[in-house]
There are 2 protein chains.
Amino acid sequence: MSRAAILRAAERIFAEKGLAGARTEAIARRAGVNKALLYYYFRSKDALYLAVIEEHLKEFETQALEILKASGSARARLLSYVSMHFDFVSAHRFFPILLQRTMLTGGPALNRLRRRWAWPVMRRLVELIEQGVREGELRAVDGGHTLMSLISLTVHYFAAAPLIRVVGGFDPYDEKRLAERKSAVLDLVRFGLFRHPEERVE
Amino acid sequence: MSRAAILRAAERIFAEKGLAGARTEAIARRAGVNKALLYYYFRSKDALYLAVIEEHLKEFETQALEILKASGSARARLLSYVSMHFDFVSAHRFFPILLQRTMLTGGPALNRLRRRWAWPVMRRLVELIEQGVREGELRAVDGGHTLMSLISLTVHYFAAAPLIRVVGGFDPYDEKRLAERKSAVLDLVRFGLFRHPEERVE
DNA sequence: ATAAATTAACTATCTGGTTAGTTAAATATG
DNA sequence: CATATTTAACTAACCAGATAGTTAATTTAT
């Protein structure tokens, strides 16, 4: 379907060049359609950008809430959230980059971000962390800042991918590297936050 | 001096809109000069962008190397590096945003980044971490990923500032918030990496 | 005076968006 | 069933406004 092809192409080009830097012509070419078709399916360049972001956010929100609503200890749920978040962004190559761009530039896309992620997911995460602290599973950390740290650890690696490629001389999306990174993150979460890091977590 | 005014204006506008999104006319207006003057002092829009980045990177490199070359235990040097890095990015509002944009988009600015920061500073940091591990001050962590984590924790807060403003409803650059964030980061570094987090560090 | 700093006015090119129309399939009609 | 009509998907060609960059002239400082 052409509509889907446009979305996939737009996703890539917006991630590479940003909203302002992306050329609608380039998106059309990569999608293999005429430029006018972008405007047939989407009102404008901005609307297309929003559609791309919204699509991912919706999927992310679903997966995130599923995990956050599950039962289990605060520690276990926290680890499984971080794990899911990491897997999601590593499977959707362009998603974290688009989000990062959105955060930097602001604009209407920031509102989607707030509605579909910040509001429902982040609130629950903060509650989860605070619960963990109350119940003595986590050290006495601040909910908001800890959340910020978790997201940083998970996401920034992907947002820095081009630099990693140039400096490290390897592909950050390589299976092995991804696995290493993920375990480094989970490990740091454990030792940085848990009161008894060595303990098994159920 | 007009040249400096142009650099300051460019820094702000590039940070807000990105290289592609920034309008040379807007930079000139903010600097209070005629647009042609940008081209008198700088070859092109790209050259101006590079000049802005280079300026900050040079200053950052100097400060970073100074700390990294100092003597002291691995733990102490690590903490003081993180502290310095945090202070630097919080004092240069637009710097982390520009870096983030550079990392996302690549281009020639990525090379400056590699030469002035990645190569001299990061290499020393990895060595520092590995030394800390060998001497038993740090847990057995991977140098590269740990470095990545440190940078993420320090920088991502600033790269997410617009979202924080909208979601958290507060100014992330407020003195109090900055202090909170900094101590949250240093705290997480201690507990996440040090073998004896509670110990005093000299 | 003369060189450096600065500008108003200009241009070539690019780019988001439009328009007017085509094709093929679905749907109504007689 | 066959034909007319509508609808959905799609395109080539175009356009007005914007934008990076230039030029030639003017002002300022030494």
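Note on naming: letters A, B, ... go to the chains in the order of the sequence lines (proteins, then strands), and numbering restarts at 1 for each one. The structure presented is a predicted model; accordingly, all values stated were derived computationally and were not measured.
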Are [X] and [Y], when compared by the centres of their aromatic rings, separated by less than 6.0 Å?
X        : Y        : value
A:Tyr173 : A:Phe158 : yes
B:Phe60  : B:His85  : yes
A:Phe88  : A:Phe95  : yes

Minimum-distance nucleotide (side-chain atoms of [X] versus [options]):
X       : options                : value
A:Leu37 : D:dT11, C:dT6, D:dA20  : D:dT11
B:Ala36 : D:dT22, D:dC10, C:dG16 : D:dT22
A:Thr24 : D:dG21, D:dT11, C:dG16 : C:dG16
A:Tyr39 : D:dT11, D:dG21, C:dG17 : C:dG17
B:Lys45 : C:dT18, D:dT11, D:dG21 : D:dG21
A:Arg23 : D:dT11, C:dT15, D:dA20 : C:dT15

Practice problem: Quickly, which of A:Glu59, A:Glu54, A:Glu55 forms a salt bridge (charged side-chain N to carboxylate O under 4.0 Å, His left out) with A:Arg116? Name it, please. | Solution: A:Glu54
What is the nucleic acid contact for [X], judged by heavy atoms within less than 4.0 Å: base, sugar-phosphate only, or nothing?
X       : result
B:Ala22 : sugar-phosphate
A:Tyr41 : sugar-phosphate
A:Ala47 : nothing

State whether [X] places a side-chain N or O below 4.0 Å from either non-bridging phosphate oxygen (OP1 or OP2) of [N].
X       : N      : value
A:Asn34 : D:dC10 : no
A:Tyr40 : D:dC10 : no
B:Ser2  : C:dT6  : yes

